[in-house]
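Throughout, protein chains are lettered first and strands after them, A, B, ... in sequence-line order, and every chain is numbered starting at 1. FYI, side chains are in, hydrogens and waters are out, and symmetry mates aren't considered; it's all heavy atoms of this structure.
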Number of protein chains: 2
Amino acid sequence: MKTSQEFRQQKISELARACRENGLPLTPQRQTVLEALAGRSDHPSADELFDEVKDRLRGISRATVYRVLETLVRLGVARRISTSEARARFDAHCGRHHHVQCARCGKVEDLHDLPLDDLMPENTFQGGFRLLDYSVQFSGLCTDCQDRP
Amino acid sequence: MKTSQEFRQQKISELARACRENGLPLTPQRQTVLEALAGRSDHPSADELFDEVKDRLRGISRATVYRVLETLVRLGVARRISTSEARARFDAHCGRHHHVQCARCGKVEDLHDLPLDDLMPENTFQGGFRLLDYSVQFSGLCTDCQDRP
DNA sequence: GTTAATGCAAAGCATTTGCACACGT
DNA sequence: ACGTGTGCAAATGCTTTGCATTAAC
């Protein structure tokens, strides 16, 4: 298991390389947002990240966080995850992995150790789409919500 | 394969039963929204449904469509699907099935005929969650978007 | 008659955009 | 210097809420 510290440093390296290769400036805003995202495992929304980052980087604006996240996704160093909520959530883990979302409170967590990493069909053309990747979304009840009816 | 007509009628029956069992009134708004949802396969958002329904039911308000959708989900006759967009989309098909979302334009379609319906793990307790159901989300490129780089 | 749903309008979040200025390369 | 990013504030989009009225059972 990779420590959070190592993971954050790895992501910053990825970002530096991606910026260099695409001729984009490596700004402190981009670094800080990615570092904050890499440091959490709860798949935060843009606003939640802004709340965390605004203390570390005086004067950063909400709009910048939104723009930076879009850029990070485009550069392939972060991803936008699917949830059933009406807002975007982000994840610095770009490899294939799976999620559970609590049907009651909406909390999202990663799921490991399930044999779900070999589901890509032979024929990647299905229903007109060219399939590129996938993720399994479980719904369930989290510890807190299991007790309440 | 079930015709769209049959499917819509089946959903209306489900709704009638669910309302009766829960002591809720069966309103024309609920019927019309569910019927509209059942008639499409593109997983519309609340606003898209409102656009369709406002012609059929004079005077229905946007807020009602939002409230009705919430009720339909709670009654188990519709579901909110997961996408990477910042708005909710809905589906009248409540059985287990899977989706592809175009990574470029966001279009969502159902995926059939893939052997993905037996992925529920033996142990339904994972990472503190009690797993209830799942759906596989593929990302890919739709026909239209495959051509453009 | 009772209880809950609807319509309207306003409020509340989430996200995007235009523009002047500042910054990374 | 150049091109892009950022901050600010306003605009836009999506969703929820309060309240008086209407409708379903």
Side-chain angles (χ1 to χ4, degrees), chain A residues 12 15-34 36 43-75 77-78 80-90 106 108, chain B residues 12 15-34 36 43-75 77-78 80-90 106 108:
Chain A
I12 296 299
L15 173 63
R17 193 168 61 80
C19 284
R20 217 178 310 121
E21 288 178 357
N22 291 78
L24 300 180
L26 177 61
T27 65
Q29 288 85 346
R30 285 174 180 159
Q31 293 183 72
T32 308
V33 171
L34 180 56
H43 313 86
S45 67
D47 262 35
E48 288 167 345
L49 278 170
F50 172 67
D51 282 341
E52 178 174 343
V53 155
K54 68 167 187 274
D55 301 323
R56 295 202 226 166
L57 203 64
R58 59 113 245 259
I60 190 174
S61 82
R62 196 182 301 272
T64 296
V65 173
Y66 278 90
R67 278 186 291 225
V68 162
L69 284 167
E70 198 187 326
T71 306
L72 296 180
V73 170
R74 186 161 43 83
L75 292 176
V77 299
R80 199 179 279 264
I81 68 167
S82 296
T83 74
S84 57
E85 297 169 50
R87 63 177 178 167
R89 285 168 169 251
F90 298 85
V108 178
Chain B
I12 296 299
L15 173 62
R17 193 168 63 80
C19 284
R20 217 179 311 121
E21 288 177 357
N22 292 77
L24 299 181
L26 178 61
T27 65
Q29 288 84 349
R30 286 175 179 159
Q31 292 182 73
T32 308
V33 170
L34 180 56
H43 312 88
S45 67
D47 263 36
E48 287 166 347
L49 278 171
F50 172 67
D51 282 340
E52 178 174 344
V53 154
K54 68 165 187 276
D55 300 325
R56 296 201 225 167
L57 204 64
R58 60 114 244 261
I60 190 173
S61 83
R62 195 182 302 272
T64 296
V65 173
Y66 279 90
R67 277 185 291 226
V68 162
L69 285 167
E70 198 187 326
T71 305
L72 296 180
V73 170
R74 186 160 43 83
L75 292 176
V77 298
R80 201 179 277 265
I81 68 167
S82 296
T83 73
S84 57
E85 297 168 50
R87 63 176 177 167
R89 284 168 170 251
F90 298 85
V108 178

| Would B/Tyr66 and B/Asp47 count as a side-chain contact (heavy atoms from CB on, under 4.5 Å) if you check the C-alpha gap in whole Å, the side-chain angles of each, and the deciding distance to 0.1 Å? | CA-CA 8 Å; B/Tyr66 279 90; B/Asp47 263 36; 2.8 Å; yes
| query | Over how many whole Å does the gap from A/Phe90 atom CZ to C/dA14 atom P extend? | reply | 12 Å
| field | Between P of D/dA24 and CD of B/Gln31, the distance in whole Å | value | 10 Å
| query | OP1 or OP2 of D/dG7 less than 4.0 angstrom from a side-chain nitrogen or oxygen of A/Thr64, does that happen here? | reply | yes
| request: Tell me what A/Arg30 touches on the nucleic acid: a base, only sugar-phosphate, or nothing, going by heavy atoms under 4.0 Å. | output: sugar-phosphate
| query | Could you state the CG-P distance from B/Asn22 to D/dC25, rounded to the nearest angstrom? | reply | 13 Å
| Side chain of B/Pro25: nearest nucleotide among C/dA4, C/dG24, D/dT15? | C/dA4
| message | With a cut-off of less than 4.0 Å, is there a side-chain N or O of A/Tyr66 near OP1 or OP2 of C/dT15? | response | yes
| remark: The answer to which of B/Arg67 and B/Pro28 contacts DNA chain D further toward the 5' end, by nearest nucleotide, is B/Arg67
| remark: B/Leu26 CG to C/dT6 C1', in whole Å, measures 15 Å
| task | Report the distance from atom CG of B/Leu72 to atom C1' of C/dA5, rounded to the nearest whole Å. | result | 13 Å
| message | Does a side-chain N or O of A/Gln29 approach OP1 or OP2 of C/dC23 to a distance below 4.0 Å, or not? | response | no
| Could you state the interatomic distance from CG (A/Leu15) to CG (A/Leu72), rounded to the nearest 0.5 Å? | 6.0 Å
| query | Between atom CZ in A/Arg89 and atom C1' in C/dT15, what is the gap in whole Å? | reply | 16 Å
| said: Heavy atoms only, 4.0 Å cut-off, all strands: where does A/Gly23 land among base, sugar-phosphate and nothing? | reply: nothing
| Does a side-chain N or O from A/Thr27 land closer than 4.0 Å to OP1 or OP2 of D/dT6, or not? | yes
| request: Would you mind telling me which of D/dT17, D/dT15, D/dT4 lies closest to the side-chain atoms of B/Ala46? | output: D/dT15
| message | Judged by each residue's nearest nucleotide on DNA chain C, which is more toward the 5′ side, B/Ala63 or A/Arg87? | response | B/Ala63
| query | When the distance from CG of B/Leu24 to C1' of D/dA24 is rounded to whole Å, what number comes out? | reply | 11 Å
| field | Nucleotide of D/dT15, C/dA14, D/dT6 approaching B/Ala86 most closely (side-chain heavy atoms) | value | C/dA14
| field | Residue pair A/Leu24 / A/Leu75, side-chain heavy-atom distance below 4.5 Å | value | yes
| Just how far, in rounded Å, is C1' of D/dT6 from CZ of A/Arg62? | 15 Å
| field | A/Arg30 (side chain) donor-acceptor with A/Pro25 (main chain) under 3.5 angstrom | value | yes
| task | Report, as yes or no, whether the 6.0 Å neighbourhood of atom CZ on B/Arg56 holds more than 12 heavy atoms from other residues, nucleotides or ligands. | result | yes
| request: Between D/dG5, C/dA14, C/dC8, spot the one nearest the side chain of A/Asp47, thanks. | output: C/dA14
